[in-house]
Enquirer: 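Please find one structure pasted underneath; my questions will follow.
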Amino acid sequence: MQFVNRFWAVFALFTAQLVGTLAQGITPNGWENTQLSREIDLQYTFTVDTFELTIKNIADKPLKQYYITIPYELMGQLSTLTASLTKKEDAFLNCYLFNGTSTLEDGTVLGYGVIELPSPVQPGREIEITAKVFYNVAGKPYPAKMNLGEVQQLYFTSNRLPMSPYLTVESTLVVNTRSKVQEDNKPEDESLQGVFNEDTKVMEFGPWSNTKPNTVSELNLIYKHVTALKEIVNLQRDVWVSNWASTIQFEEYYEMTNKGAALNGGFDRLAYMKQSQMMQLGMIPWIQVLEMGLPVGASEHFCTDKVGMVSTTEVIEDSFFVRPRYPVFGGWFYNFTIGWTNQLSQFARNYPNDDETFLLAVPVLNGPADTVYDHAFVNVYLPEGAEIMEADSPVSYKYMYVNNEQSYFDMNEGHVKLTFEFDNLFTNIGKADLLIKYKYSKTALYKKPLSIAVYFFTALMGFFIIKSLNFSVNK
Amino acid sequence: MGYETLIKDQLNTISIEPVAPLLAQRKLAILTSLVAIIFVTLAIMVSYSKKHFIYKFALYTILSMIGSLFLAMGTIFTSNSFGVYI
């Protein structure tokens, strides 16, 4: 996914912030969508909604903000909103969610994302922007239950015509599922119906002209999705930094489920064994093996679950393959813990002329591909005595807080624990790094052995004192 | 914008040097533990000697302090050698 690599190289400079500052109930106006090309990508466990826009300022004053509609029912599954100038893909724009909603006459509730343009656009001028909205959700299994050997299908609902607060002069829609798509509840108007392109394997709609603002037109699609829909309900990711050992240890606890179709009836081992060929191709709707993409040079891998050590694991280069104790079918859950160790020098660096100040860069996630995360806690444990100077995330987080936690041979306040709490992540978003600037002075470094030495010294002096006391009773 | 500043800082940072190489910490653990045993043994021998109390106390304190320091370093290196990173 080339757009993802380029995307993450500079995305960190422009964080999507989930805070709006405008009044509620606003009805955006002032723009006209000269051209709107929308692509819905349904290949993955998450949904990517891409808008290529040519917008024109039809107001009588310069405008700097553009509103993009987000269905209210999807606001809770919104992962990220990003935008860039179409002609300069690396020129990312500041985006945030509008803190309010609008309600249409038919009762439809709409939310908005706001895109801040780099400079105000003068009346009558046009600008081209590309916006992407990532949702932590895909289609729903259709039917909800299926037998082993059947092909899993998903049902996806969206808006057909451009749901924009502005008039759209010309628009098209493309739906990409990597498989054959069919429409459910097709409208009678043929101009609204989609055409499946056998060569590109996409369903194409439009073009449509002069679509009024906030036009509601439901689109229902049924498509095949042969692989599992991996969902991490909760992730607890602990990162332990040790300057004495020059290591960084990762430990992740996953509460995982499969959002795909559930089994119809009980588990049939014979039917399961018959699927061995499809298992080898990976075209199965249950979770058989997880491939964790770990940092280069990872060592000391382990995997445990509620029962104990999981031996069905394998390390191949930088991938850690974990085979759960049982195949995880639709609706089933599996909880497990994995861990590994890397050299600290891969993730931490010093500031020039200051060997007591460190900059730590830790990936947000290291989990399996094509996976969504409902809730994730990333805890970074810095050595006892470290002082956090600055910390930030490339991805909008729910909370960030600092406290202390005692660990082995912590004789004073304990390790410094920095916690980021995230909602609605997906695998690709985790490639970016959390950045933490902290100070770990030589005094704090050598305080560790001194603290331990105090206990040994106390014991030895205690021995001397007891040795010196004379408890004998002499006549 | 904090993240932007940190990203720019990242371009100007330099590699860190380990306090003690991890692979060498096993040998360091053995070495420091041996030195610690020597000093603690000497301290215990002083405590059993028939010298004046003040002299014994002073010498014992010095030997115990040095022994404790080496014991502490040995503890850290031993712990790191067994994968419990301090």
Side-chain angles (χ1 to χ4, degrees), chain A residues 10 12-15 94 240-249 300 341 343-345 348-353 355 357-359 361 383-384 390-394 407-410 432-437 445-446 448-461 463-465 467-468, chain B residues 1-25 28 32 36 39-44 46-49 53 56-86:
Chain A
V10 291
L13 294 175
F14 295 94
T15 305
N94 195 20
W240 293 83
V241 173
S242 169
N243 281 67
W244 270 106
S246 294
T247 57
I248 183 166
Q249 277 184 304
E300 299 177 9
T341 305
Q343 292 291 322
L344 183 60
S345 54
R349 293 174 70 83
N350 272 130
Y351 279 75
N353 304 318
D355 60 356
T357 304
F358 298 83
L359 183 62
E384 192 175 31
E390 204 171 341
D392 208 346
S393 164
S407 183
Y408 302 109
F409 296 110
D410 282 343
D433 291 335
L434 298 171
L435 293 177
I436 302 159
K437 182 178 177 181
L445 177 72
Y446 292 112
K448 176 71 73 181
L450 284 172
S451 302
I452 299 171
V454 163
Y455 285 84
F456 284 119
F457 181 70
T458 306
L460 288 168
M461 294 310 294
F463 167 78
F464 182 85
I465 291 167
K467 171 78 181 58
S468 302
Chain B
M1 199 182 284
Y3 198 82
E4 189 177 354
T5 310
L6 292 170
I7 279 277
K8 287 177 183 170
D9 285 352
Q10 201 177 19
L11 299 171
N12 298 322
T13 49
I14 57 176
S15 301
I16 61 170
E17 293 296 325
V19 174
L22 186 61
L23 291 175
Q25 292 203 15
L28 287 171
T32 50
F39 275 95
V40 171
T41 305
L42 284 173
I44 292 172
V46 164
S47 72
Y48 278 96
S49 70
F53 179 81
K56 267 198 325 183
F57 181 77
L59 188 59
Y60 181 89
T61 303
I62 294 167
L63 290 170
S64 297
M65 279 171 61
I66 299 170
S68 300
L69 280 170
F70 277 100
L71 268 176
M73 295 302 299
T75 303
I76 291 174
F77 292 137
T78 304
S79 182
N80 289 340
S81 302
F82 281 99
V84 179
Y85 303 117
I86 302 302

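Naming convention: chains lettered A, B, ... in sequence-line order (proteins, then strands); numbering from 1 in each chain.
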Enquirer: Identify the heavy atoms of Glu390(A) and Gly2(B) that sit nearest to each other, and give their distance.
Expert: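 Heavy atoms of Glu390(A) and Gly2(B) come nearest at OE2-CA, 3.5 Å.
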Enquirer: If you count heavy atoms of other groups shown closer than 6.0 angstrom to CZ of Phe358(A), is the number above 12?
Expert: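 Count over threshold, so yes.
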Enquirer: Which answer fits Thr247(A), side chain, backbone, both or neither, if we ask what part of it has an atom under 4.5 Å from a heavy atom of chain B?
Expert: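 Contact with chain B is through the side chain of Thr247(A) alone.
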Enquirer: Answer with side chain, backbone, both or neither: which region of Ser79(B) has an atom nearer than 4.5 Å to a non-hydrogen atom of chain A?
Expert: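 Contact with chain A involves the side chain of Ser79(B) alone.
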Enquirer: Go through the atoms of Gln10(B) and report whether side chain, backbone, both or neither lie under 4.5 Å from a heavy atom of chain A.
Expert: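 Both parts, backbone and side chain.
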Enquirer: Just wondering, more than 12 heavy atoms not from Met65(B) lying within 6.0 Å of its CE?
Expert: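 Open.
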Enquirer: Under 4.5 Å from any heavy atom of chain B, what part of Tyr455(A) do you find: side chain, backbone, both or neither?
Expert: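 Contact with chain B involves no heavy atom of Tyr455(A) at all.
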Enquirer: What's the separation between atom CD1 in Ile452(A) and atom CD1 in Ile86(B), rounded to the nearest 0.5 Å?
Expert: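 Between Ile452(A) CD1 and Ile86(B) CD1, I get 6.5 Å after rounding to 0.5 Å.
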Enquirer: Considering non-hydrogen atoms only, spot the tightest contact between Gly83(B) and Gln249(A) and give its length.
Expert: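 Smallest heavy-atom distance, with atoms named: O-NE2, 3.7 Å.
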Enquirer: Relative to chain A, which segment of Ile76(B) carries a heavy atom at a distance below 4.5 Å: side chain, backbone, both, or neither?
Expert: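 Looking at Ile76(B), just its side chain touches chain A.
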Enquirer: Counting heavy-atom pairs closer than 4.5 Å to chain B, which one of Ala361(A), Ala453(A), Ala348(A) comes out on top?
Expert: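 Result: the option with the highest number of such pairs is Ala453(A).
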Enquirer: Can you name the nearest heavy-atom pair linking Ser47(B) to Lys467(A), along with the distance?
Expert: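 Shortest heavy-atom separation between Ser47(B) and Lys467(A) comes out as O-NZ, 3.9 Å.
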Enquirer: Among Leu22(B), Ile16(B), Asp9(B), who wins on heavy-atom pairs under 4.5 Å with chain A?
Expert: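 Option with the greatest count: Ile16(B).
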Enquirer: Side chain, backbone, both or neither: which part of Leu435(A) has a non-hydrogen atom closer than 4.5 Å to chain B?
Expert: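 Backbone plus side chain of Leu435(A), per the 4.5 Å heavy-atom cut-off to chain B.
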Enquirer: Can you list every salt bridge (charged side-chain N to carboxylate O under 4.0 Å, His left out) pair that touches residues 448-460 of chain A, not counting sequence neighbours?
Expert: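 Residue pairs with at least one partner in residues 448-460 of chain A: Glu384(A)-Lys448(A), Asp410(A)-Lys448(A).
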Enquirer: Need one label for Phe57(B): side chain, backbone, both or neither, based on atoms under 4.5 Å from any heavy atom in chain A.
Expert: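 It is both, since atoms from each part get that close.
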Enquirer: Heavy atoms only: give me the nearest Ser246(A)-Pro18(B) pair and the separation to one decimal.
Expert: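 The answer is OG-CB, 3.0 Å.
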Enquirer: Side chain, backbone, both or neither: which part of Leu445(A) has an atom under 4.5 Å from a heavy atom of chain B?
Expert: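 For Leu445(A), the contact with chain B is made by the side chain alone.
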Enquirer: Give the intermediate values and the outcome of side-chain contact (heavy atoms from CB on, under 4.5 Å) for residues Phe463(A) and Ile44(B).
Expert: CA-CA 9 Å; Phe463(A) 167 78; Ile44(B) 292 172; 4.1 Å; yes
Enquirer: What is the minimum heavy-atom distance between Trp244(A) and Gln25(B), and which atoms define it?
Expert: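 Answer, listing the atom of Trp244(A) first, then Gln25(B): O-NE2, 2.9 Å.
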Enquirer: Using a 4.5 Å cut-off on heavy atoms from C-beta on, say whether the side chain of Phe456(A) contacts that of Val40(B).
Expert: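 Sidechains of Phe456(A) and Val40(B): no contact.
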Enquirer: Checking heavy atoms, do the side chain of Ser407(A), its backbone, both or neither come under 4.5 Å from chain B?
Expert: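 No part of Ser407(A) comes within 4.5 Å of chain B.
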Enquirer: Tyr60(B) and Leu460(A): side-chain contact (heavy atoms from CB on, under 4.5 Å), yes or no, with the steps?
Expert: CA-CA 9 Å; Tyr60(B) 181 89; Leu460(A) 288 168; 3.7 Å; yes
Enquirer: Just give me the residue among Leu71(B), Val19(B), Thr13(B), Asn12(B) that pairs up with chain A most often, heavy atom to heavy atom, under 4.5 Å.
Expert: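 Of Leu71(B), Val19(B), Thr13(B), Asn12(B), Thr13(B) has the most heavy-atom pairs under 4.5 Å with chain A.
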Enquirer: Looking at Leu63(B), Thr61(B), Val46(B), which has the largest count of heavy-atom pairs under 4.5 Å with chain A?
Expert: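 Ranked by contacts with chain A, first place is Thr61(B).
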Enquirer: Measure Thr341(A) against the heavy atoms of chain B and call it side chain, backbone, both or neither at under 4.5 Å.
Expert: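 The answer is the side chain of Thr341(A).
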Enquirer: By a 4.5 Å heavy-atom criterion (distance strictly below it), what part of Asp355(A) contacts chain B: side chain, backbone, both, or neither?
Expert: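 Neither part.
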